[in-house]
Amino acid sequence: MGATVLSNDELLRHADRAMVLAQRLTEWIAHAPDLEEDMALANLGLDLLGQARSLYTLAGAREGAGRTEDDFAYLREAREFRNPALVEQPNGDFAATIVRQFLHDAYAIEWWTARVDGPDPDVGALAAKVVKETTYHLRYSRGWLVRLGDGTDESHRRTSAAVDALWPFVGDLFAPSDAALRPGFDDRVAAGFADATVSVPAGAEAFTPATEPSPLLVELLAEMQSLHRAHPGVSW
Amino acid sequence: MSDNWNLWEVFVRPRRGLDHVHAGSVHAPDAEIALQHARDLFTRRGEGVSLWVVRSADIVASDPGDAGELFDPADGKDYRYPTHYELPDEVANM
Amino acid sequence: MPAPASETRQNRFDRVIAADQRIEPDDWMPEDYRKNLIRQIAQHAHSEIIGMQPEGNWLTRAPSLRRKSILLAKVQDEAGHGLYLYGAAETLGITRHELLDLLHTGRQKYANIFNYPTPTWADMGAIGWLVDGAAITNQIPLCRCSFGPYARAMVRICKEESFHQRQGFEIMVTLCNGTVEQKAMAQEALNRWWWPTLMMFGPPDTESAHSQKSMQWKIKRFTNDELRQKFVDATVPQADLIGLTVPDPELAWNDERGHYDFGEPDWDELRRVVAGDGPCNAERMATRKGAHDDGAWVREAAVAHAEKVAARTAEIAA
């Protein structure tokens, strides 16, 4: 393993990002605005779960201590999770879910695209597939962003409110090593927001990651891990 | 304000080299969403490499009551088929 | 199948049915046939989408990422199957909008089985193994049903559902090979789901309101009791294999009949649950209506946006 591959900390940051967002998306199932959106959100969730599983498995293999994907997902404490805070944010209404997804996808497409020919061959091999998945996710989330932003007065109001509420988490999406991705992200977001007739809130990336895990993540993991932890060491 | 989405018919090309085949219908407010819904509904297991969607209202169909006049005249024209013709036994394939 | 020149619409319909051919949406059909089909396909579609809820309940808590992916794909399929079926019903001249309204106002039913709760993970196993098993038993003959769009939807659904039953049985096998606690969880789930599953096939043939007409029209190919027997015969050996006990003291192999004899489900319970008095009826409907009502502004926004785009395009063209 060369010195240029991603650290396990970085792998987990992205595995956790995908896993936590997938967990939020599953909460929509049977509650979506129409049955076709139940299908669509499930497809996004399935892709993200697949990404998380691959990254956890890779992290486990590199660590060499025998940890499986489930050990990472189910047996770590909230304080050990590395995901950006954006993906923990509650589903809210469909506008909030779409804005969260759009901001996430606009970041994810930049990150994964940079991995395709990046120095980590294992992640690069994964990236070829994930770039396709994320390109579609972005098409979906951007499409709905524009429809909701430029739809009715009510949908516009809800979309703007979601942008205001979620924009503070944008800065936290970017790890220090991601600085080069920011201009591409900003261009995508500006174009999407323009088509959706919503504006970027001025100077509001105020969110600073706390040293303590957020109550949102603690609650999300408590639910997710409850059954697994109630029966230690068994197979499912 | 209507929340009623149009009905679209979906045609899927299963593999390159095959025709698009009617698969069913989806509801959607516009063509792009119709394509996305068709993708999510009819190609979850790799069933397609290409999709067509067309508004159901735009399909022009023949009247089943006209089936007699439209299709029965094709009956009884055996000479359109190769089996109608007798060949000498010596000709194995034609 | 030569057609006599002076044949009436009814004769033609009867001849197509008798010849085991398919009726297609544009064909003339007796009003009763249409109504019966709309009722049956709609109830089937409603069952698929209400059926997302008992399992959806465990999506956030699935005990492994593999199980979470499987369950998500399965519940997604149920939405998909609902959509295939609504699509088939819509060819009969009723809209999905109207059908959902009939569901939401309680004028159309869904399968009773989905009014039972899912308190443990083993219920995910039992639902896949038993409920999907029963559904497949019901649905395989429907692939040859006389109405083309319904038969075609069923072909697609049966093909996709074979994984649903397998994943459920695999959950049960895993639990039975696990700890004492896990095995007990599996047995309790079988106890909970066995009788409601047998009731999925409908009332006994002697009391079935719709059976006879449906058989005549070749919508149904087997009676409720025949299908129930088929299911019991297939399922009991599977329970034996993994060491679970079917909760029916009267269950016994009958050599003479070549079938299992089994006890009578509690039909009064079925009537009570169908009438709305099941453990989860109110919750299921509230969730469904909530999703529909909360989504109205989204569906409206999409229509409004499409109209804006169309108007802009027209303006540019003008």
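Note that the coordinates shown come from a computational prediction; the quantities given were computed from them, not determined experimentally. The figures here come from the full heavy-atom set of this structure, side chains too, leaving out hydrogens, waters and symmetry mates. Here is how names work: the chains are called A, B, and so on, in the same order as the sequence lines, proteins then strands, and each is numbered from 1.
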Take His37(B) and Glu37(A) through the side chain to side chain contact (heavy atoms under 4.5 Å, CB included) test and state the conclusion after the steps. CA-CA 8 Å; His37(B) 287 169; Glu37(A) 257 48 58; 3.2 Å; yes
Is it true that atom CG of Asp19(B) has more than 12 heavy atoms of other residues, nucleotides or ligands lying nearer than 6.0 Å? no
Exceeds 12 heavy-atom contacts within 6.0 angstrom, atom CG of Asp58(B): yes
Whatever's closer than 4.5 Å to a heavy atom in chain B on Arg139(A) counts as both
Proximity of residues 40-52 of chain B to chain A, residues having a non-hydrogen atom under 4.5 angstrom: Asp40(B), Leu41(B), Arg44(B)
Assess Arg39(B) against Tyr136(A): is NZ or CZ under 6.0 Å from the centre of the six-membered ring, and within 45 degrees of the ring's axis? yes
Please list all pairs meeting side chain to side chain donor-acceptor pair (under 3.5 Å) that have one or both residues in residues 76-94 of chain B, counting only residues at least two apart or in different chains. none
Roughly how far apart are [X] [atom1] and [Y] [atom2], rounded to 0.5 Å?
X	Y	atom1	atom2	result
Tyr140(A)	Glu32(B)	OH	CD	11.5 Å
Asp30(B)	Arg147(A)	CG	CZ	4.0 Å
Leu35(A)	His27(B)	CG	NE2	9.5 Å

